[in-house]
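Everything on this sheet refers to the single structure shown next.
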Amino acid sequence: MNYSLCSISFRHELVSFNDLVHFACEKGFAGIELWGIHAKALVRNHKYEVSHLLDKMEAKGVRISMVSDYIDLFAEDDQTLAVLERGNSLFALAQTFRTNKLRIFAGNQSSSVANPRVWERCVTRLRNLAQLASENGVYLVIETHPKTLADTLISTLRLLDEVAHSHIRVNLDFLHIWELGSDPLYAYRALKEWTINYHLKNISCRDKLGVFAPDNVYSPSGDRDGLTTLSDGIIDYTSIVEQLDRDNMTYTAAIEWFGDHPFYYLEKELAWLKKHDQKCDVFI
């Protein structure tokens, strides 16, 4: 596997892009998953330097693995043109950072309460956005996430089936798919043909899942109780990493750390993952 760090882990830190690149290179990350807010800030403030920054970064073996942003797929019907224009601007942003992956969420409403009209609107917009993505050489990547139409394995498969476009892909978040009732490895197998990226994070117990609620996780004063390393949490990442290695997966897995001291924990998580990769190599 190729492991990336998520720049969103530094949403409350005063860290430059050069600092992130230096850290990624020094510690052995293969990429950086760039939060859309950070990507736009780089273009706004360093418009004529981005290409040079990427050249230096790639020369050291580190790439932008994916740009992660948001599109309001549930906006009213009269906002369809604005939705597509936003998609085009984000595909261009992905191209600027030399990645073929743009991650979004499938709306902001749970699949269990979304009515047929909402489903139809979301599916149509995803299909149209996927077509625009294909014209830009980019994949539209839907993340498995609570309170979206891709919150459960069943709803995610339904969405993929109904959109039915070659440029729609999945970012499989193992914790969130487990949170909504699916065994992570079963979901991995079921979504394997569509999955192009993985998110890795853990929690100490189910009662602490509220820590990932957007209002909490994006707040600088939010609760961080329950956040834990991949090796110590309730999700069995040893089995997951071993399965990925057995399948010789070449896609990127991004470590999402939402707690304090991101440099320390990202380094620790990467070391643990690589240690397990080496163990798997011995037994294959």
Side-chain angles (χ1 to χ4, degrees), residues 4-12 32-44 64-97 99-111 113-114 118-119 121-133 136 138-151 155-156 159-160 163 165 167-173 175-177 179-180 194-199 201 212-220 222 252 254 256 258:
S4 288
L5 63 87
C6 294
S7 76
I8 198 173
S9 297
F10 298 87
R11 67 205 178 285
H12 303 311
I32 295 174
E33 182 180 317
L34 195 58
W35 195 21
I37 292 172
H38 293 157
K40 292 167 197 170
L42 279 167
V43 171
R44 183 172 59 250
I64 299 299
S65 59
M66 184 163 71
V67 170
S68 295
D69 212 293
Y70 316 92
I71 299 176
D72 185 4
L73 299 176
F74 290 175
E76 294 301 319
D77 290 338
D78 61 0
Q79 295 298 306
T80 294
L81 182 58
V83 169
L84 297 179
E85 287 176 345
R86 178 167 175 79
N88 260 332
S89 70
L90 292 177
F91 298 141
L93 188 67
Q95 288 179 319
T96 295
F97 286 94
T99 178
N100 67 346
K101 291 180 282 185
L102 173 73
R103 187 232 61 182
I104 64 170
F105 289 161
N108 54 9
Q109 191 176 119
S110 299
S111 62
V113 301
V118 167
W119 266 96
R121 180 186 295 164
C122 187
V123 166
T124 299
R125 285 178 172 165
L126 283 174
R127 188 181 300 119
N128 291 337
L129 286 166
Q131 180 57 35
L132 288 176
N136 284 275
V138 177
Y139 286 103
L140 184 66
V141 184
I142 302 301
E143 181 168 333
T144 55
H145 199 279
K147 296 184 179 178
T148 72
L149 296 191
D151 53 1
S155 66
T156 304
L159 201 62
L160 292 165
V163 173
H165 197 286
H167 273 251
I168 192 107
R169 289 290 187 271
V170 170
N171 174 43
L172 175 56
D173 187 305
L175 180 138
H176 288 319
I177 205 74
E179 177 180 355
L180 273 298
W194 292 281
T195 303
I196 199 170
N197 201 79
Y198 301 91
H199 270 180
K201 58 178 176 283
F212 294 116
D215 288 348
N216 180 73
V217 83
Y218 294 122
S219 170
T252 299
E256 279 196 306
F258 286 114

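Each residue takes its place number in the sequence, starting with 1.
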Roughly how far apart are [X] [atom1] and [Y] [atom2], rounded to 0.5 Å?
{"X": "Tyr139", "Y": "Thr99", "atom1": "OH", "atom2": "OG1", "answer": "11.5 Å"}
{"X": "Asp72", "Y": "Ile104", "atom1": "CG", "atom2": "CD1", "answer": "10.0 Å"}
{"X": "Gln131", "Y": "Leu126", "atom1": "CD", "atom2": "CG", "answer": "13.5 Å"}
{"X": "Leu73", "Y": "Thr124", "atom1": "CG", "atom2": "OG1", "answer": "11.0 Å"}
{"X": "Arg127", "Y": "Leu159", "atom1": "CZ", "atom2": "CG", "answer": "10.0 Å"}
{"X": "Ile196", "Y": "Tyr198", "atom1": "CD1", "atom2": "OH", "answer": "10.0 Å"}

Checklist line | Test side-chain contact (heavy atoms from CB on, under 4.5 Å) applied to Ser4 - qualifying residues, sequence neighbours left out | finding: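 Ser4: side-chain contact (heavy atoms from CB on, under 4.5 Å) contacts with Ser65, Thr252, Ala254.
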
Next item on the list: For Ser111, check side-chain contact (heavy atoms from CB on, under 4.5 Å) against everything at least two apart and list the hits.
Entry: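 Trp119, Leu149, Asp151, Thr152, Ser155.
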
Within the structure provided, determine whether [X] and [Y] are in side-chain contact (heavy-atom separation under 4.5 Å).
{"X": "Trp35", "Y": "Val67", "answer": "no"}
{"X": "Ile71", "Y": "Phe105", "answer": "no"}
{"X": "Val118", "Y": "Phe74", "answer": "yes"}
{"X": "His165", "Y": "Leu140", "answer": "no"}
{"X": "Val141", "Y": "Val170", "answer": "no"}
{"X": "Pro146", "Y": "Leu180", "answer": "yes"}
{"X": "Ser9", "Y": "Phe258", "answer": "no"}

Check: So, does Asp173 use its side chain to make a donor-acceptor pair with the main chain of Leu175 at under 3.5 Å?
Finding: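 The answer is yes, because a donor-acceptor pair under 3.5 Å joins these two groups.
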
Check: Taking all atoms of both residues into account, what is the closest heavy-atom pair of Glu143 and Asn171, and its distance?
Finding: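 Smallest interatomic distance, heavy atoms only, reads OE1-ND2, 3.2 Å.
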
Check: Which atom pair, heavy atoms only, marks the closest approach of Glu76 to Arg125?
Finding: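 Minimum heavy-atom contact is O-NH2, 2.9 Å.
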
Results of salt bridge (charged side-chain N to carboxylate O under 4.0 Å, His left out) for [X] - residues two or more places apart only:
{"X": "Arg169", "value": "none"}
{"X": "Glu256", "value": "Lys201"}
{"X": "Asp78", "value": "none"}

Notebook entry, point to check: With a cut-off of 6.0 Å (strictly less than), are more than 12 heavy atoms of other residues, nucleotides or ligands near NZ of Lys147?
Noted result: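 Result for NZ/Lys147: open.
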
Note to self: Apply side chain to side chain contact (heavy atoms under 4.5 Å, CB included) to residues Ile142 and Thr156 and explain how you reach the verdict.
What the structure shows: CA-CA 9 Å; Ile142 302 301; Thr156 304; 5.9 Å; no

Expected list for residues 84-94: side-chain donor-acceptor pairs under 3.5 angstrom, two or more places apart:
from	atom 1	to	atom 2	distance (Å)
Arg86	NE	Tyr70	O	2.7
Arg86	NH2	Asp69	OD1	2.7
Arg86	NH2	Tyr70	O	2.9
Ser89	OG	Arg86	O	2.7

Check: With respect to His199, which candidate in Glu33, Arg103, His176 satisfies the side-chain hydrogen bond (donor to acceptor under 3.5 Å, both in side chains) definition?
Finding: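 The passing option is Glu33.
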
Check: Please walk me through it: do Leu172 and Asn197 pass side chain to side chain contact (heavy atoms under 4.5 Å, CB included)?
Finding: CA-CA 6 Å; Leu172 175 56; Asn197 201 79; over 6 Å; no

